[in-house]
Amino acid sequence: MAQKPSIPKGTRDFSPTEMSRRNYIFDTIKSVFQNFGYLPIETPAMENLSTLMGKYGEEGDRLLFKILNSGDYLKNVTLGEDAAQGLNKITRSIAEKGLRYDLTVPFARYVAQHRNEITFPFKRYQVQPVWRADRPQKGRYREFFQCDVDVIGSNSLLNEVELIRMIDDIFCELKMGVVIKINNRKILSGIAEVIAVPEKLTDITTAIDKIDKIGLDKVYEELRSKGLTDETIQMLEPIINLGGDNQKKLNCLREFIGTTADGSQGITELQTVIDLLNGLDIRSEVEIDQSLARGLNYYTGAIIEVKAKKVGIGSVCGGGRYDNLTGVFGLPDVSGVGVSFGADRIYDVLNELDLFPEQVHKCTKVMLVNFGGKEAAFSLNILQQLQRSGIPAELYPDTVKMKKQMKYADQKAIRFVLLIGDEEMKTGVLTLKDMESGEQHKLEMEQLTGLLK
RNA sequence: GUGGAUGUAGCUCAGUUGGUUAGAGCACUAGAUUGUGGUUCUAGGGGUCGCCGGUUCAAAUCCGGUCUUCCACCCCA
């Protein structure tokens, strides 16, 4: 054998069994999206780097896959001078395209570009792969599929409620237990204002987020190591120890940051969403999580993240509201809100918990054995009749030993095999074998289609 | 980007303190079975021991580098 072939780090092949399971996930998600009146779009795998850069924070820029320009892409680079000005400068002159990092930014670009054809509020869904130059590990791939739903051009909090209802419907349909965590960026701003060290906000939220994992003492320790004074940490105590049900958390937050403009606004928004949800039948657990921050820096209002129960794999769905993402593309004052389902992680969870339904793939129902030229030509007519009456059927293409053909049918889990040789051609009565029971029956064409339908 | 493991047949893995021709199971091919799959039996094909270099009379085995995959951190779907 020559050199072993391989695929790039963090990418995967999907074989037929995996594909039918993946399609089960995609179909479930898409049908819920459609049920709520969302319409599909697609955008290119690559975008101009100017569209992508600077939208995801510093970390995001680093994780972008960049595409070298065609032709002699080095012709405008003078290594000595340009290298001195840093990697960024060189990158700009040799690569002007990149693979998309998520579906939300390309969507904002799409909306700005097609504003005159769109009726607002615009509800769209989009299921496509995205790429991140991250280091792969459990539940993390360099190429993975996102299933985005967004509504853009509406400030109503009914949209937030609708997203949570869709999340609930989808995970119920998939029989997967999840916790839906919600927060609001304005609450985080309120906290930052009250403690007077806004630049430490990220450190604070990531530390608080670990409370379940590492315990209270370690959280305090981490905060101190990040340079927070004991005084500040003491002020944060009611936030760190925020417990109880959602209403209790809201009351507590109101007491703590209700006096700040942002904080008060965020609490009102969150309260409205919770109140509306309380009047509905939501089967998943919905939990306010004041430590939820999310790294993508375009979020301005609600933040949503969904975690699988029982399986530690990070979030399986995440999103939030962005007030001015289209602004950078020349369309200001248009607010949007949406979430993204991570199909690959959902797959891993369903797989680990053995939650895929038995028969998710459709396959050939009957295979016609190929006995030779004449027999095959005769079988071709039968095959066509079967297929036209909606029975998935195939004729073995080569005249090889019957044993081999039977084995093929067996391995492909084809339930029935149709034998058409000399005898059958003469009489017009066909022999059908049931591979499960091993029984064989002589049948007329009409009986056959009736039986297989 | 930081830290830790890993790599032997298509797949899952054995391989002793360095010592003849590197093994097993599964899978594959052929036969037992000339119009019948799964089970069974028999035979067979298949390896640059990730790659490069070093130590040695001798390396899958020891050392260095490199790549891959996996795990944790960070961040995220």
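The sequence lines fix the lettering, A, B, ..., with proteins before strands; numbering per chain opens at 1. Just so it is clear, the values below take in all heavy atoms, side chains as well, and ignore hydrogens, waters and symmetry mates.
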**Request:** Can you check whether any acceptor in the base of B:G38 is under 3.5 Å from a donor in the side chain of A:K407, or vice versa?
**Result:** no
**Prompt:** Looking only at N and O atoms, is any donor in the side chain of A:E424 or the base of B:G35 less than 3.5 Å from an acceptor on the other one?
**Reply:** yes
Whole angstrom is fine here: how far is it from [atom1] in [X] over to [atom2] in [N]?
X      : N     : atom1 : atom2 : result
A:Y396 : B:U36 : OH    : C1'   : 14 Å
A:K403 : B:G37 : NZ    : C1'   : 9 Å
A:K426 : B:G35 : NZ    : P     : 14 Å
A:I29  : B:A77 : CD1   : P     : 15 Å
A:F416 : B:G38 : CZ    : P     : 19 Å
A:L292 : B:C75 : CG    : P     : 13 Å
A:M435 : B:U39 : CE    : P     : 12 Å
A:L63  : B:U2  : CG    : P     : 14 Å

**Fill in**
Which of B:G37, B:G1, B:A77 is nearest the side chain of A:R345? It is B:A77
**Request:** Can you figure out which of B:A30, B:A77, B:A32 approaches the side chain of A:K401 most closely?
**Result:**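 Per side-chain heavy atoms of A:K401, the pick is B:A30.
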Separation between the [atom1] atoms of [N] and [M], rounded to whole Å:
N     : M     : atom1 : value
B:A30 : B:G23 : C1'   : 23 Å
B:C13 : B:U55 : C1'   : 30 Å
B:U61 : B:G4  : C1'   : 23 Å
B:A60 : B:A9  : P     : 14 Å
B:U6  : B:U68 : C1'   : 9 Å
B:A43 : B:A59 : C1'   : 34 Å
B:G18 : B:C74 : C1'   : 42 Å
B:U8  : B:A14 : C1'   : 10 Å

**Asked** Does A:F145 offer a backbone N or O that forms a donor-acceptor pair with the side chain of A:D344 under 3.5 Å?
**Response**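 Yes, because the side chain of A:D344 sits within donor-acceptor range (under 3.5 Å) of the backbone of A:F145.
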**Prompt:** Toward the 5' end of RNA chain B, which comes first, A:Y408 or A:G342, by nearest nucleotide?
**Reply:** A:Y408
**Complete:** Walking RNA chain B from its 5' end, the first of A:I420 and A:G314 to be reached, judged by nearest nucleotide, is A:I420
Across all strands, who's sitting opposite [N] as a Watson-Crick or G-U wobble pair, both distances under 3.5 Å?
N     : answer
B:G1  : B:C73
B:U20 : none
B:C62 : B:G54

**Request:** Under 4.0 Å between any heavy atoms, over every strand shown, what does A:E423 touch: base, sugar-phosphate, or nothing? Just pick one.
**Result:** base
**Asked** Which is true for A:C317 with a 4.0 Å heavy-atom rule: it touches a base, it touches only sugar-phosphate, or it touches nothing?
**Response** sugar-phosphate
Between the side chains of [Y] and [X], is the shortest nitrogen-to-carboxylate-oxygen separation below 4.0 Å, so that they form an ion pair?
X      : Y      : value
A:E47  : A:R109 : yes
A:E42  : A:R124 : no
A:R224 : A:D230 : yes
A:K309 : A:E285 : yes
A:E352 : A:K310 : no

**Request:** May I ask you to check whether A:F65 and A:Y101 place their ring centres under 6.0 Å from each other?
**Result:** no
**Asked** Does A:Y125 have its ring centroid less than 6.0 Å away from the ring centroid of A:F341?
**Response**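 Centroid separation for A:Y125 and A:F341: 6.0 Å or greater.
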**Per-nucleotide protein contact string for nucleotides 68-73 of chain B (B base, S sugar-phosphate only, - none; heavy atom under 4.0 Å)** = SS-SBB
**Asked** Which atom names give the shortest non-hydrogen contact between A:I7 and A:D13, and what distance separates them?
**Response** CD1-N, 3.9 Å
